[in-house]
Amino acid sequence: MSTTPILDASDPASLDHAAALLGRGDLVAVPTETVYGLAADATDSRAVARLYEAKGRPRFNPLIAHVDGIERAQGLVTLSPLARRLAEAFWPGPLTIVAPLQPDAGISDLVTAGLETLAVRWPDAPAMTGLVTRLDRPLAAPSANRSGEVSPTTADHVAEGLGGSIALILDGGPCRVGVESTILAVDGERAALLRPGGIARADIEAIAGALGTPASVPGAPTSPGQLTSHYAPKAVLRLHAPSPETGEGFIAFGPGGPPTGEGVINLSQGGDLAEAAARLFSALRELDSRYERIAVAPVPDKGLGEAINDRLKRAAAAK
Ligand code: TXA
Ligand code: MG
């Protein structure tokens, strides 16, 4: 049973209260434009240790430091000219930049998992940035789900997984983007895609040129967080299914698929990939609560489809 209070993220008094909790090392779930994050003071190892514990997360998986502007990011990492151009183009927004950690950044080793790089993001999320500003410190925030479960895109999703084990949930309504940020490792003038996400590859390549794989960029660590079965519902998923079989829930996509109805959720009847991304995790959760098997229609691999297909592949991976 959830005993964690839920407060309105748009109320400044809620943010004052949340900042006070974070300041004393407590954990607060905070809405962002991508998914809900579970925030802890990134400079406080005790708070970050609690965060790993609440998520049941393997320690080797490093965290993203959330900031409230480019200036604060530059106090934490060295942004190359390319990293700066990317930050200026996409921040605030669903882009995470992995760059060399500044020696005096003050970030807990538990955030970087001992790496010499740090993942930094300025989210387009007034609650998260408002908390960073109030606390005057970066916030480490993985998605606010127990490790291995589907990422939360509503306050209720957070309460289902973490209610009772964290101090507060801030409710900002459903997340606008719905899949996590795109993660890029940037080494000098080269960038590698570590995780597809809320900003499409083509938009990034318009600024960075062709993206490399992690192995192609010398400074790029392979992302230890990319556990294969990361976004795992309990149900068995069958991908690229043109239609459901008897007993299967069905995630459809586009005008060719059936509309949302009994046992069917159409991610976007109009074939809009941004709308589909925003609905993906809710759809997985809803069908997972009612079906042991879920069939998923093909989703085109362009634009945000790359992130959608990445998450679906992980959700379908054998456990
Ligand atoms: O949209 C998002 O990015 C959300 C919201 C809350 O901001 N956060 C999120 O955090 O998805 P999380 O912890 O679920 O995923 C962070 C990913 C992990 O796969 C981790 O391995 C990778 O970032 N990562 C963090 N630091 C890294 C580093 N120094 N090098 C390589 N990968 C890193
Ligand atoms: Mg996650």
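When reading the values below, keep in mind they use all heavy atoms of this one structure, side chains included, and skip hydrogens, waters and symmetry mates. Since the structure is predicted, the reported quantities are computational estimates derived from the model, not experimental observations. In each ligand, atom 1 is the first atom listed, and ligand 1 is the first ligand listed.
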Do ligand 1 and [X] have nitrogen or oxygen atoms that lie under 3.5 Å from each other?
| X | value |
| --- | --- |
| Arg195 | yes |
| Thr117 | yes |
| Thr32 | no |

Under a 4.5 Å cut-off applied to non-hydrogen side-chain atoms, are [X] and [Y] in contact?
| X | Y | answer |
| --- | --- | --- |
| Ser143 | Leu38 | no |
| Leu170 | Ser14 | yes |
| Ile204 | Phe90 | yes |
| Ile166 | Val158 | yes |
| Arg285 | Pro233 | no |

Can you name the atoms of ligand 1, numbered from 1 with element, that are less than 4.0 Å from a heavy atom of [X]?
| X | result |
| --- | --- |
| Leu115 | 28 (C), 29 (N), 30 (N) |
| Ala141 | 6 (C), 8 (N), 10 (O) |
| Ser181 | 1 (O), 2 (C), 3 (O) |
| Asn61 | 18 (C), 20 (C), 21 (O) |
| Val98 | 28 (C), 29 (N), 30 (N) |

**Item:** Winner among Pro62, Gly198, Ala113 once heavy atoms are compared against atom 27 (C) of ligand 1
**Value:** Pro62
**Prompt:** Hey, is CD on Glu205 packed in by over 12 heavy atoms from elsewhere, all under 6.0 Å?
**Reply:** yes
Using heavy atoms and a 4.0 Å limit, tell me yes or no: is [X] in contact with ligand 1?
| X | answer |
| --- | --- |
| Pro123 | no |
| Ile64 | yes |
| Pro94 | no |
| Met128 | no |

**Item:** Candidates Asn145, Leu284, Thr34, Val179 - the one meeting side-chain contact (heavy atoms from CB on, under 4.5 Å) with Ser151
**Value:** Asn145
Donor-acceptor pairs are to be reported for all side-chain atoms of residues 96-106 against protein atoms at under 3.5 Å, with residues two or more places apart or in another chain.
unit_1 : atom_1 : unit_2 : atom_2 : d
Thr96  : OG1    : Ser181 : OG     : 2.8
Gln102 : NE2    : Gln74  : O      : 2.9
Gln102 : NE2    : Val77  : O      : 3.3

**Request:** Check whether any N, O or S atom of Ser143, backbone or side chain, sits closer than 2.8 Å to the Mg ion (ligand 2).
**Result:** yes
**Message:** Give me each pair satisfying side chain to side chain donor-acceptor pair (under 3.5 Å) with a member in residues 124-134, each pair once, sequence neighbours excluded.
**Reply:** Asp16-Arg134, Asp68-Thr133, Asp124-Arg176
